[in-house]
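Single-structure report; data block below.
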Protein chains: 2
Amino acid sequence: MKTVETTPRKLPRQARSRATVDALLEAAAQVLVEHGYEKTTTARVAERAGVSVGSLYQYFPSKEALVAALIEQHADEMVSVADEALSPLKTASLEEGLKAIIRVAVDTHRISPELHKVLYEQVPRVGRVAEVMDTNRRITELIERFLRAHARELPRGMKPAVAAVVLETALEALSHKAITERQDLLASGVLERELYQLAAGYLFHAER
Amino acid sequence: MKTVETTPRKLPRQARSRATVDALLEAAAQVLVEHGYEKTTTARVAERAGVSVGSLYQYFPSKEALVAALIEQHADEMVSVADEALSPLKTASLEEGLKAIIRVAVDTHRISPELHKVLYEQVPRVGRVAEVMDTNRRITELIERFLRAHARELPRGMKPAVAAVVLETALEALSHKAITERQDLLASGVLERELYQLAAGYLFHAER
DNA sequence: GCAATATGCGAATGATTCGTCACATTCGCT
DNA sequence: AGCGAATGTGACGAATCATTCGCATATTGC
């Protein structure tokens, strides 16, 4: 099994090169959004960044590494948004916490919708599934911890570990769909309302 | 805009050529599952099918066309499974219908899990390929029709069109996740129970 | 100011893959 | 058997791309 190197070849030391790296990442994001993964060539990215191909390979050992870096950046952003909003949640009521969770699900998808879409669709092919799944796993854990804190308010027999997966998966899928192909649901807050009905019905009114 | 041709170049007339086409499709599925989309080359598929590349191009004008045909096959299978299970549903009660819908969501994912995963995750969503993959939309319509038939039993203010999207998306996402990374939820019928709690809570106990 | 180092360049390379075509084989039919 | 149509073959052309490498230019440390 031949593994593709995805770690930076060399770290930028001077301000000049840091600018180059930033330009490359920004250019990669743009080209990716405009042309999709297949038609994103290293040459095109370099050109857009106003830099030569050689310079690209100075900092990214492969095309995949470039995309991987982008994915990592984006994933970190999502997790930090989630972290900030969900960590002070131990004190919140079940209902308020749930609303916060829903807000987070939607907000994390608002970060860079088009880029998010491309990255999400291309991730499996870049082999960095791990990072993204990790994002989901970490968010699922935050939800699970919150549910555990309210264990006695949950329906009998509901397992926080399972419920967290159900909630995270459903909320993420619906947010993703709304952002990528049903923006109409986004405008008027319809999405949030529906998500709340879905999650609340599941958590509060289940017959077990 | 250069569009890629995806319709068969020629229709098989003799039994021999029908066998060739079948072998090609079967081989394509295998190679796709084994190597992923990028590393699926027409040469490799032809070889696996015990056929020459030329023959492949006799019936499929491009690599995309080959994959498109596979997708169409698979999508049709899924829709027909759904159709069969959901069409006699006008007579069913809301509750029974819902259970049927859930069974369908899970069953359609059991058809060819690995192939499904590859087609869904790795095949670039471009050109005609995207259109063919609108299985989801078709299933959403079936659900919507069912909901409309029970309109008076639904919470006030719930719009069948929106509710159908919510249900389809959530059920599909959870089934997909269970099949691809949480098979443990599949064995004991846990998945179906959770899906029912989720959907029933949404449909029956919503406060609007 | 001057070496040492970091950064940047881009034509050339090499590997891969799609898709074609001229020719060979098999089939259906009389 | 024999003929035209259908089907199959695989070497080969052409194009695309990721990646490299020798050399040029800029920056830093002294």
Side-chain angles (χ1 to χ4, degrees), chain A residues 2-28 31-32 35-70 122 125-127, chain B residues 2-28 31-32 34-69 122-124 126-127 129:
Chain A
K2 191 173 66 176
T3 308
V4 179
E5 192 56 61
T6 58
T7 44
R9 175 168 290 184
K10 159 195 284 195
L11 292 178
R13 311 175 86 84
Q14 304 177 1
R16 181 167 53 131
S17 60
R18 244 168 284 137
T20 301
V21 170
D22 288 350
L24 282 169
L25 286 173
E26 175 60 27
V31 175
L32 227 30
H35 297 93
Y37 183 82
E38 310 249 29
K39 295 195 173 177
T40 295
T41 67
T42 50
R44 215 175 223 156
V45 171
E47 187 192 36
R48 172 69 61 96
V51 149
S52 80
V53 224
S55 295
L56 188 158
Y57 280 92
Q58 193 113 140
Y59 301 101
F60 303 97
S62 70
K63 177 185 171 181
E64 280 202 8
L66 182 62
V67 178
L70 221 45
Q122 307 305 336
R125 288 192 278 169
V126 178
Chain B
K2 190 173 65 176
T3 308
V4 180
E5 193 55 62
T6 57
T7 42
R9 178 166 287 182
K10 159 196 283 194
L11 290 180
R13 311 175 87 85
Q14 303 179 1
R16 181 167 53 131
S17 61
R18 246 169 282 137
T20 301
V21 169
D22 288 349
L24 282 169
L25 286 173
E26 175 59 27
V31 174
L32 226 32
E34 270 175 47
H35 302 279
Y37 181 82
E38 310 246 37
K39 296 194 172 181
T40 294
T41 67
T42 50
R44 214 174 222 155
V45 171
E47 187 193 35
R48 172 69 61 96
V51 148
S52 80
V53 224
S55 295
L56 188 158
Y57 281 93
Q58 192 114 140
Y59 301 102
F60 304 98
S62 69
K63 176 184 170 182
E64 273 200 21
L66 180 61
V67 177
Q122 300 215 358
V123 172
V126 290
V129 185

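Protein chains get the first letters and strands the later ones, always in sequence-line order, with residue 1 at the start of each.
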Pairs touching residues 52-63 of chain B that satisfy salt bridge (Lys or Arg N to Asp or Glu O under 4.0 Å), sequence neighbours left out: none
Close N or O pairs between protein and nucleotides 24-27 of chain D (under 3.5 Å):
none

Between C/dC18 (C1') and B/Y37 (OH): distance, integer Å: 11 Å
Rounded to the nearest 0.5 angstrom, the CG-OH distance for A/L24 and A/Y59 is 9.0 Å
Once pairs are restricted to Watson-Crick or G-U wobble with both distances under 3.5 Å, how does DNA chain D read as a dot-bracket string, [ ] for crossings and | for other-strand pairs? ||||||||||||||||||||||||||||||
Identify each atom pair where a protein N or O and an N or O of nucleotides 11-14 of chain C are less than 3.5 Å apart, giving names and distance.
none

Side-chain N or O of A/S52 closer than 4.0 Å to phosphate OP1/OP2 of C/dC9: yes
B/S55 side chain near D/dT9 phosphate (N/O to OP1/OP2, under 4.0 Å): yes
Separation of A/F60 atom CZ from D/dT20 atom C1', in whole Å? 18 Å
In terms of heavy-atom contacts, A/L56 and A/V51 come closest through N-CG1, 4.4 Å
Quick one: which protein N/O atoms are closer than 3.5 Å to N/O atoms of nucleotides 14-18 of chain D? Pair and distance per line, please.
unit_1, atom_1, unit_2, atom_2, d
D/dA18, OP1, A/K63, NZ, 3.3
D/dA18, OP2, A/T42, N, 3.0
D/dA18, OP2, A/T42, OG1, 3.2

In terms of heavy-atom contacts, A/A23 and A/A49 come closest through O-CB, 3.6 Å
Can you tell me how far P of C/dT25 sits from CD of B/Q58, to the nearest Å? 16 Å
Shortest non-hydrogen separation from A/V53 to A/T42 and the atoms involved: CG1-OG1, 4.0 Å
Got a donor-acceptor contact below 3.5 angstrom from the B/S62 side chain to the B/A65 backbone? yes
Taken in chain and number order and not counting sequence neighbours, the residues that satisfy salt bridge (charged side-chain N to carboxylate O under 4.0 Å, His left out) with B/R48 are B/E34
How many whole angstroms separate atom CG of B/L56 from atom C1' of C/dC21? 16 Å
Quickly work out the B/D22 CG to D/dT7 P distance and round it to whole Å. 13 Å
Could you check whether any side-chain heavy atom of B/F60 comes within less than 4.5 Å of a side-chain heavy atom of B/L25, counting everything from C-beta outward? yes
B/R18 CZ - D/dA6 P separation (whole Å): 14 Å
Does A/E38 have more than 12 heavy atoms from other residues, nucleotides or ligands lying within 6.0 Å of its CD? yes
side-chain N/O A/T20 vs C/dG8 OP1/OP2, d < 4.0 Å: yes
How close do A/R44 and A/K39 get, counting heavy atoms only, and between which atoms? NH1-O, 2.8 Å
